[in-house]
Amino acid sequence: MEKRNNRYHLQLKELSLKDGSARDKNLDLDFENHDDLFKIFEVIKAKNIFEDENTAHEFALGLKLFTEVMLKNKQHPLFEDLRPAIMEFMKKLKSQ
């Protein structure tokens with residue numbers, strides 16, 4: 001039986017750079033995640049970890065994108081030392 005994931009599309013547009021120049025780069029990315037990301041956004045927002053909603057969304061999206069890559073690449077040596085710390089971090093986050 002095939003494991004089903006939630007599918008998403010992310011559109012990132014470069015608006016300006018810190019040197020003041022305007023750019024016109026775009027990235028369209030289709031990806032899957034085992035969690036309902038919009039539910040995660042609501043959970044993080046409800047925990048009031050951050051004062052503003054945008055920061056909460058950045059945190060949740062970054063964390064979920066990163067941890068999903070880790071899950072899909074469990075055996076990759078790059079994550080070997082980080083895995084235990086991430087697991088503890090996730091337990092702490094979920095307990096708040």
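Each residue takes its place number in the sequence, starting with 1. Computed from a prediction, not measured in an experiment: that's the story for all the values here.
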Residues passing the side chain to side chain contact (heavy atoms under 4.5 Å, CB included) test with S16, sequence neighbours excluded, are none
- Flag the pair N33 / I40 as yes when at least one side-chain heavy-atom distance between them is below 4.5 Å, and no otherwise. no
So salt bridge (charged side-chain N to carboxylate O under 4.0 Å, His left out) across residues 36-52, not counting sequence neighbours, yields K45-E53
Across all chains, not counting sequence neighbours, the side chain to side chain contact (heavy atoms under 4.5 Å, CB included) partners of E58 are N54
Residues A60 and F41: closest non-hydrogen pair is CB-CD2, 3.6 Å
Rounded to the nearest 0.5 Å, the CD atom of Q96 sits from the CG atom of L93 at a distance of 6.0 Å
When you measure from the side chain of T67 to the backbone N and O of L63, does any donor-acceptor pair fall under 3.5 Å? yes
Rounded to the nearest 0.5 Å, the CZ atom of F89 sits from the NZ atom of K94 at a distance of 11.5 Å
Expected list for residues 25-32: side-chain donor-acceptor pairs under 3.5 angstrom, two or more places apart:
unit_1: D28; atom_1: OD1; unit_2: H9; atom_2: NE2; d: 3.1
unit_1: D28; atom_1: OD1; unit_2: Q11; atom_2: NE2; d: 3.3
unit_1: D30; atom_1: OD1; unit_2: H9; atom_2: ND1; d: 2.6
unit_1: E32; atom_1: OE1; unit_2: N5; atom_2: ND2; d: 3.2

Would you tabulate the side-chain donor-acceptor contacts of residues 73-88 under 3.5 Å, counting partners in other chains and residues two or more places apart, or write 'none'?
unit_1: N73; atom_1: ND2; unit_2: V69; atom_2: O; d: 2.9
unit_1: H76; atom_1: ND1; unit_2: L78; atom_2: N; d: 3.0
unit_1: R83; atom_1: NH2; unit_2: K74; atom_2: O; d: 2.2

- Message: Would a single hydrophobic cluster contain both M90 and F50, if residues Ile, Leu, Val, Met, Phe, Trp and Tyr are joined by side-chain heavy-atom contacts under 4.5 Å?
- Response: yes
Sorted by chain and number, sequence neighbours left out, side chain to side chain donor-acceptor pair (under 3.5 Å) with H57 holds for none
Residue pairs meeting salt bridge (charged side-chain N to carboxylate O under 4.0 Å, His left out), one or both in residues 8-19, sequence neighbours left out, come to none
Sorted by chain and residue number, the side chain to side chain donor-acceptor pair (under 3.5 Å) partners of N6 (sequence neighbours excluded) come out as none
To the nearest 0.5 Å, atom CG of L65 lies from atom CE of M70 at 13.5 Å
Students should find that the hydrophobic cluster of V43, defined by side-chain heavy atoms under 4.5 Å apart, otherwise consists of none
Is it possible for you to say whether L71 and L10 belong to one hydrophobic cluster, with membership spreading through side-chain heavy-atom contacts below 4.5 Å? no
